[in-house]
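Contents: one structure, followed by commentary.
Order of the sequence lines fixes the chain letters, A, B, ..., with proteins taken first and strands second; residue numbering starts at 1 for each chain.
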2 protein chains.
Amino acid sequence: MLRKIENISEYLKESGIKPSYQRIRIFEYLMHTKEHPTVDTIYRALVPEIPTLSKTTVYNTLNLFVENRIAYLISIEENEARYDADTSLHGHFKCVSCQKVFDFDVEADQLRYGGPEGSEVREKHVYYKGLCSGCNQVQ
Amino acid sequence: MLRKIENISEYLKESGIKPSYQRIRIFEYLMHTKEHPTVDTIYRALVPEIPTLSKTTVYNTLNLFVENRIAYLISIEENEARYDADTSLHGHFKCVSCQKVFDFDVEADQLRYGGPEGSEVREKHVYYKGLCSGCNQVQ
DNA sequence: GTATCTGCAAAACATTTGCAATTCT
DNA sequence: AGAATTGCAAATGTTTTGCAGATAC
């Protein structure tokens, strides 16, 4: 489960990131959405409130979050990067028909094997592709 | 395990794909490599023998393979698509330092849960990121 | 002979980079 | 003032599209 974060500014500091206004707002957005947003989605959601915001800053900030491991880059979409502030183990199910992405539970003990011998696993990703229940019935 | 394919032309036909020369050669390449090649890699490997080959054809052909489910699109690389003709369940481990991708075994029973209720799972992908044994020792 | 497939060139995007302006302490 | 951050504009790189010529049945 996602750790309860009361103070984003403190959390960023702990993670080695200087808490600028833009960084706080972007992390706040990422933390409160379940949508695995793209850079464009984040930009469009925040630019009405932060009119000077640029996409470059969104790119820079997300790269910073990923490097400092407080967000995951979800590679489920081929053409564009998606981000998730929930770095706990869970699966993503992508419907090939309606394109929606659903989260689902993965038990930690279902992935016992830690990877090749002597290596250090930092992120575990599980994703499925198929037809979601809605699209499956229509067909 | 990957099904033993004796006759690529027949296999493409069975899969609903007209076996053109380019398609046969591209599938043959994909089947015999373990490298999860990019479009560019495939193109460069084949163009010396098929001088008229174009990248557009490689793109078209790989999209066709993915649609007809005889190849997987591996979304482990952010910037470029990689392809795999081995559609059996196995994991990909990507080293964040040397960028290499290693295959590893995933037991089917490690992913018991088939996905969200009522849905049809077509592909299961498991990938880890971290440091491979070589890069882990150096640090 | 008609459908399909191929491949060139151009277009469309996502992302990165260079650099100047701004902000923070 | 000095260092880091931001944001614009241009560059880069991958993938798609339009369309004409080639190929196959």
Report the nucleotide, chosen from [options], that has the shortest atom-to-atom distance to any side-chain atom of [X].
{"X": "B/E80", "options": "D/dT16, D/dT6, D/dT14", "value": "D/dT14"}
{"X": "B/L53", "options": "C/dG7, D/dT15, D/dT5", "value": "C/dG7"}
{"X": "A/S54", "options": "D/dT6, D/dG7, C/dC8", "value": "D/dG7"}
{"X": "A/N60", "options": "C/dC5, D/dT6, D/dT15", "value": "D/dT6"}
{"X": "A/T52", "options": "C/dT6, D/dG7, C/dA14", "value": "D/dG7"}

Can you check whether any acceptor in the base of C/dC8 is under 3.5 Å from a donor in the side chain of B/T56, or vice versa? yes
May I have the distance from [X] (atom [atom1]) to [N] (atom [atom2]), rounded to whole angstrom?
{"X": "B/L73", "N": "D/dT15", "atom1": "CG", "atom2": "P", "result": "9 Å"}
{"X": "B/Y59", "N": "D/dG18", "atom1": "OH", "atom2": "C1'", "result": "17 Å"}
{"X": "A/E77", "N": "C/dT15", "atom1": "CD", "atom2": "P", "result": "11 Å"}
{"X": "A/K13", "N": "C/dT25", "atom1": "NZ", "atom2": "C1'", "result": "12 Å"}
{"X": "A/I42", "N": "C/dT15", "atom1": "CD1", "atom2": "P", "result": "11 Å"}
{"X": "B/I26", "N": "C/dC5", "atom1": "CD1", "atom2": "C1'", "result": "12 Å"}
{"X": "B/R23", "N": "C/dT4", "atom1": "CZ", "atom2": "C1'", "result": "8 Å"}
{"X": "B/E67", "N": "D/dT16", "atom1": "CD", "atom2": "C1'", "result": "13 Å"}

Where does the angle between the aromatic ring planes of A/Y128 and A/F93 fall among parallel (under 30°), tilted (30 to 60°) and perpendicular (over 60°)?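 If you compare the ring of A/Y128 with that of A/F93, the planes turn out perpendicular.
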Relative to each other, are the rings of B/Y11 and B/F27 parallel, tilted or perpendicular (30° and 60° limits)? tilted
Does the side chain of B/L73 reach to within under 4.5 Å of the side chain of B/Y83, using non-hydrogen atoms?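 Yes; the side chains approach each other to less than 4.5 Å.
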Below 4.0 angstrom from OP1 or OP2 of D/dG7, is there any side-chain N or O of A/Q22?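 Yes, A/Q22 has a side-chain N/O under 4.0 Å of OP1/OP2 on D/dG7.
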Does A/S20 have a side-chain nitrogen or oxygen under 4.0 Å from the phosphate oxygens OP1 or OP2 of C/dC24?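 Answer no for this pair, as no side-chain N or O of A/S20 is under 4.0 Å from OP1 or OP2.
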Test item: B/H125 side-chain N/O and B/E123 main-chain N/O as donor-acceptor pair under 3.5 Å: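 No; judged by distance alone, with no hydrogens or angles, the pair does not exist.
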Let me spell it out: for each of A/K55 and B/I50, pick the nucleotide of DNA chain C with the closest heavy atom. Which residue's pick is nearer the 5' end?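 Per heavy-atom nearest nucleotide, the more 5' residue is B/I50.
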Under the side-chain contact (heavy atoms from CB on, under 4.5 Å) test against B/L30, which residue among B/I70, B/D86, B/L62 passes?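 Exactly one candidate clears the test, B/L62.
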With a 4.0 Å cut-off on N to O distance, would you call B/E35 and B/R82 a salt bridge? no
Heavy atoms under 4.0 Å, any strand shown: does A/D40 hit a base, just sugar-phosphate, or nothing? nothing
Which base sits across from C/dC8 as a Watson-Crick or G-U pair, both distances under 3.5 Å? D/dG18
Who does D/dG2 pair with, Watson-Crick or G-U, both distances under 3.5 Å?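 WC or wobble partner is C/dC24.
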Closest-nucleotide 5' rank along DNA chain D - winner of B/A81 and B/K18: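 Its nearest nucleotide being more 5', the pick is B/A81.
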